[in-house]
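Proteins come first, then strands; the chains are lettered A, B, ... in the order of their sequence lines, and each starts at number 1.
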Amino acid sequence: MPLLEIKNLSVQFQTRHGIVNAVRDVNFSLEKGELLGIVGESGSGKSVGMLAVMGLLAGNGRITEGEIWFNGRNISPVAEEFKNDPKGYDRYMKQIRGKDLSMIFQDPMTYLNPVLKIGTQITEGIIKHEKCSKQEAKKRAIALMQQVGIPSAEERFSQYPFEFSGGMRQRIVIAIALSCNPKLIIADEPTTALDVTVQAQIIDLLKAIVKEQDTSIIMITHDLGVVAKMCNSVNIMYAGKVVEHGTIDDIFYRPQHPYTKGLLNSVKTHDSTKRQSLSSIPGTPPDLLKLNTGCAFMPRCREAMKICKDYLPEAASFGEEQYASCWHYCKEHADRIVSKQSERMMSEEVS
Amino acid sequence: MEKEKPVVSVRHLKKYFVANRHVFGATDYVKAIDDVSFDIMPGETVGLVGESGCGKSTLARTIIRIYEPGEGEIIYKNTDIAHLSNRKMRAYRNKMQMIFQDPYASLNPRLTVAEIIAEPMEIYNMYTKKEREEKVQELLEQVGLKPDHITRYPHEFSGGQRQRIGIARTLALDPDFIICDEPISALDVSIQAQIINLLEKIQDEKKLSYLFIAHDLTMVRHISHKIGVMYLGHLVEFGEAEEVYKNPLHPYTQALISAAPVADPVLSRTQERIKLEGEVPSPIHTPSGCPFSPRCPECRPECRIDPPVVANVNGHKVACYKYV
């Protein structure tokens with residue numbers, strides 16, 4: 001049984017300008033010990049989808065449908081169990097959040113409370129979830145700080161966040177996430193705010209954690225380099241949908257979806273000789289308020305066909321794990337739809 | 001044939017900020033730039049890389065006199081502009097422009113696109129009103145925006161388009177030197193390549209010189225002819241871009257390049273990372289000797305005493321005792 005399985009997840013936001021479907025019918029699963037990367041541009045729904053799993057959506061957002069199976073239990077607020085019991089949902093999420101399910105946020109500068117000592121912030125979760133004494137929690141916190149590579153941890157235990165550098169703060173955030181031996185850590189761009197040398201250290205640390213503790217990590221990022229270095233498998237998201245999924249070798253060496261290909265090409269600068277222009281994806285990211293009914297990538301796609309505009313493509317699989325949602329790979333089905341449509345138009349003309 | 005002269009040449013430039021004045025005697029300084037020298041040739045892009053706080057943005061801003069320079073010279077086409085008065089500086093400001101990092105913060109939300117692009121020309125009393133309008137249209141076309149965008153406001157555009165507006169504005173005064181301060185780091189991956197291509201196209205058309213600041217090493221490598229690596233206010237390495245990447249000389253450059261993630265799983269599995277000890281020291285209490293010496297895997301006793309002089313290894317400059 002997978003550790004996390006998401007089925008038909010959709011998330012909606014009510015905004016001043018209308019309803020935004022930030023996550024649209026997302027399906028994927030994650031095994032124990034797996035390192036999954038979720039790649040997408042801003043607004044692709046990569047963070048929102050994971051916040052929905054954590055039960056941390058903003059007030060105007062809600063899960064409209066879908067199942068989130070975590071550790072054998074459906075923790076979606078629209079699940080049978082919680083549908084008519086929002087308080088029960090909150091209570092249950094409070095039990096597992098920070099314990100089995102924890103999160104690392106992007107910006108370690110704003111994530112830590114500036115007026116609380118580092119020690120207090122690390123032990124908070126331990127005391128709450130593990131029901132242990134303060135001394136015991138302190139011992140564990142110091143061990144955690146040592147594990148994430150903070151020198152003179154005992155001294156640093158009673159310091160404030162401003163006394164730490166950016167990389168050190170991110171280590172503290174990771175220590176907090178690790179404090180109750182979570183089964184799944186969701187890391188939302190954990191290295192984006194950091195310098196490359198520090199980023200490399202944090203990536204090594206996260207990889208070591210997965211190896212030693214049998215934890216799974218979902219890594220949300222827009223940096224394909226980080227994914228290549230860290231993950232086993234990748235979800236590529238565009239406009240709220242997973243357009244392609246595969247192992248990293250699938251995605252990097254045998255990409256199928258035109259968007260994935262475009263993304264990879266636009267960062268391939270290594271072999272390009274000087275002054276050869278980069279191949280970029282034309283156009284701009286989609287406005288989620290004005291999506292067409294078909295494939296959202298169609299307006300920017302070099303390989304777009306007529307059918308892409310009005311009909312959503314289905315997922316076509318390639319090999320064991322990889323699948324991509326593009327009409328190019330389900331041509332038969334496309335032909336059927338097109339012929340049906342032309343039949344209908346013919347009959348309309350006749351009548 | 002006469003040898004081409006650099007557009008901008010920086011000589012022993014220093015910029016210290018006062019961090020703390022003690023009641024008796026000493027003052028603490030943040031040594032943001034310490035004795036930096038390099039040249040930028042016409043039509044050339046110089047990339048500056050380094051970690052946050054190493055002084056790359058300060059260096060760029062000091063060169064175009066947003067910050068008052070300390071000691072040293074900034075020679076723009078035969079004139080030392082480092083200590084010109086503001087009034088005299090005005091004649092040079094239009095030739096040196098800047099593209100900012102955050103396209104959301106660098107455009108006035110109350111002006112239309114036409115007003116934003118025309119504003120620098122108005123300030124410099126260039127052209128008649130009619131000519132300015134034509135020029136705005138021409139610039140818009142150059143940066144890949146549509147003519148009917150001119151009456152719109154910045155909030156109606158996406159990040160990439162706003163960055164294009166910012167680029168059109170810097171081009172309005174026909175500069176010959178542009179500072180690009182992380183122009184792509186706030187943009188989505190698929191848009192970054194568009195902006196890089198645009199910058200290269202404009203450079204080829206107008207023979208502009210760029211000083212390109214970034215922390216994304218792969219993009220810097222692509223766009224730059226030469227690369228300078230900064231550490232703690234010092235320029236530790238400077239040379240041809242490919243040369244610096246393929247054959248980095250300074251231990252810090254070697255560590256930086258080995259830490260950069262590569263979008264290739266097989267390569268990144270085999271990539272050997274040089275692990276650095278500790279963190280960047282505070283720029284107030286800089287180490288004596290080589291700034292990198294406390295973290296350097298190849299540190300020698302002499303490194304801790306005096307700062308190294310710049311060695312020239314086949315036109316590739318490096319400040320390290322290994323090469324002296």
Side-chain angles (χ1 to χ4, degrees), chain A residues 39-44 151 165-168 191-201 203-204 222-232 234 238 247-249 251-253 259 262-270 272-287 300, chain B residues 49-54 144 157-161 185-198 200-201 203-204 215-225 241-242 245 252 255-269 271 273-276 278-280 282 295:
Chain A
V39 178
E41 299 177 88
S42 39
S44 62
S165 68
M168 284 293 163
T191 59
T192 308
L194 306 173
D195 285 317
V196 271
T197 53
V198 184
Q199 169 174 283
Q201 292 168 1
I203 288 174
D204 285 353
H222 61 259
D223 189 335
L224 289 161
V226 171
V227 171
K229 211 163 179 179
M230 215 178 129
C231 300
N232 319 119
V234 191
Y238 192 81
T247 63
I248 52 166
D249 287 5
I251 296 289
F252 281 89
Y253 301 122
Y259 177 62
L263 267 190
L264 284 167
N265 281 333
S266 63
V267 294
K268 277 222 170 95
T269 55
H270 293 281
S272 65
T273 41
K274 273 279 124 77
R275 287 300 156 187
Q276 186 184 9
S277 59
L278 300 171
S279 72
S280 60
I281 302 177
T284 54
D287 183 348
R300 302 174 73 188
Chain B
V49 294
E51 297 178 276
S52 45
C54 71
F157 294 91
S158 66
Q161 287 174 313
S185 60
L187 304 175
D188 279 319
V189 181
S190 73
I191 306 298
Q192 290 184 350
Q194 290 179 5
I195 298 296
I196 293 285
N197 286 343
L198 175 65
E200 289 187 338
K201 185 193 95 180
Q203 180 169 50
D204 291 344
H215 59 255
D216 178 346
L217 294 159
T218 48
M219 280 300 178
V220 176
R221 177 184 185 175
H222 177 81
I223 196 171
S224 305
H225 301 95
E242 279 310 299
Y245 267 88
Y252 176 65
L256 197 65
I257 289 173
S258 79
V262 198
D264 187 324
V266 171
L267 263 181
S268 68
R269 259 171 245 155
Q271 189 181 29
R273 180 161 78 83
I274 301 167
K275 289 186 178 143
L276 287 183
E279 305 218 346
V280 185
S282 139
R295 301 173 74 195

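Annotation for R300(A) and S190(B): closest pair NH2-OG, 2.9 Å, computed over non-hydrogen atoms. Nearest heavy atoms, P285(A) versus I191(B): CD-CD1, 3.8 Å. Nearest heavy atoms, P261(B) versus V196(A): CD-CG1, 4.2 Å. Nearest heavy atom pair, residue F252(A) against residue A263(B), reads CD2-O, 3.5 Å. Contact record, M219(B) with S266(A): CE-O, 3.8 Å, taken as the closest heavy-atom pair.
Note that CG of D204(A) and CZ of R273(B) are 4.5 Å apart. Values are rounded to the nearest 0.5 Å. Note that the OG1 atom of T197(A) and the CD1 atom of I257(B) stand 13.0 Å from one another [nearest 0.5 Å].
Most heavy-atom pairs under 4.5 Å with chain B: of the set P151(A), G225(A), G166(A), this distinction falls to G225(A).
With 3.5 Å as the limit, one finds no donor-acceptor pair spanning the side chains of T284(A) and Q161(B).
Under the 4.5 Å side-chain criterion, counting only non-hydrogen atoms from C-beta, V267(A) is in contact with V189(B).
Residues passing the side-chain hydrogen bond (donor to acceptor under 3.5 Å, both in side chains) test with N232(A): none are found, sequence neighbours excluded. With sequence neighbours left out, the side-chain hydrogen bond (donor to acceptor under 3.5 Å, both in side chains) criterion links T191(A) to Q199(A).
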